[in-house]
Amino acid sequence: METNRALYKDLESILITKEELQEAVRKLGERITRDYEGKNPVMICILKGASVFFCDLIREIDLPLEIDFMVVSSYGASTKTSGEVKLVKDLDRSVRGRDVIIVEDIVDSGMTLNFLKQTLLGRGAASLRICTLLDKPARRRVPLTADYFCFNIPDAFVVGYGLDYAEVYRNLPDIGVLSPRIYAEK
Ligand code: 5GP
């Protein structure tokens, strides 16, 4: 744990360490490799939050997979979802007839993944599974269950390992709870 970095001063606590993340991602990669044996899934990274997780995860999967990226927005510079999901950048290729795995950083209200699931199924994906690093089940507003997840977390606003607050903290190697004084200051 590298608690001497300037950004760590803004954390209330460290929730998941770099080592725990590495181990969980390795196990998840093995599981996806087994589940999709003989297939070539399209893995879709939901930018920007899932980027760090996605880059680590795909390198733990031993399959001829393809990757693509989507950008959706629902938060802005806030710690609460606006409830309205907007598609900012779409996929480059069609997913018709493909086995799709959506890779997200966190499921909170479930609105983002619900929107993405409906959108991609509507485009004729052969199968669709949801893979998320973190799950905050206490805050669900729509019924949404991830097919793969690494950690259940309590109802707190977390940053690091790709997750931001106002675009900062994505480069922290661990995941921590952001100190409320940071967003109270804004
Ligand atoms: P949902 O649509 O499920 O409410 O929210 C999903 C998105 O909200 C995530 O992709 C993530 O960008 C953002 N989000 C939800 N909870 C947190 C959190 O604790 N920390 C950060 N940094 N983002 C969050």
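First listed ligand is number 1; within each ligand, the first listed atom is number 1.
Atom CZ of residue Arg31 and atom CD of residue Glu60 lie 15.5 Å apart, to the nearest 0.5 angstrom. Residue Ile46 holds its CD1 atom at 7.0 Å from CG of Leu113, rounded to the nearest 0.5 Å. Here CG of Asp99 is found 9.5 Å from CG of Leu128. Values are rounded to the nearest 0.5 Å.
Side-chain contact between Leu57 and Met43 is present, with at least one heavy-atom pair separated by less than 4.5 Å. Using a 4.5 Å heavy-atom cutoff, the side chains of Asp10 and Val159 are not in contact.
For Lys27, the NZ atom sits in a loose shell: 12 or fewer heavy atoms of surrounding residues, nucleotides or ligands are nearer than 6.0 Å.
Residue Met111 has at least one heavy-atom neighbour below 4.0 Å for each of these atoms of ligand 1: 2 (O), 3 (O). Those atoms of ligand 1 with a heavy atom of Thr112 less than 4.0 angstrom away are 1 (P), 2 (O), 5 (O), 6 (C). For ligand 1, the atoms lying closer than 4.0 Å to a non-hydrogen atom of Ser109 are 1 (P), 2 (O), 3 (O), 4 (O).
Residue contacts with ligand 1: Phe157 is included, with a non-hydrogen atom under 4.0 Å away. Using 4.0 Å as the threshold, Lys136 has a heavy atom nearer than that to some atom of ligand 1. Put simply, part of Gly110 is less than 4.0 Å from ligand 1, judged by heavy atoms.
Both Leu47 and Phe53 sit in one connected hydrophobic cluster of ILVMFWY residues. Membership requires side-chain heavy atoms under 4.5 Å apart, directly or through other members.
Contact annotation: for Arg139 versus ligand 1, there are no heavy atoms closer than 4.0 Å. Contacts between Ala156 and ligand 1 below 4.0 angstrom, taking non-hydrogen atoms only, involve the backbone exclusively. Proximity of Asp105 to ligand 1, defined as any heavy-atom pair under 4.0 Å, is confined to the side chain (atoms from C-beta onward).
Just one residue in the list Val52, Ile14, Leu11 forms a side chain to side chain contact (heavy atoms under 4.5 Å, CB included) with Leu172, and that residue is Leu11.
In this structure, of Leu116, Asp164, Leu144, the residue bringing a heavy atom nearest to atom 22 (N) of ligand 1 is Asp164.
Backbone and side-chain nitrogen or oxygen atoms of Val158 are examined, and one is located within less than 3.5 angstrom of a nitrogen or oxygen of ligand 1.
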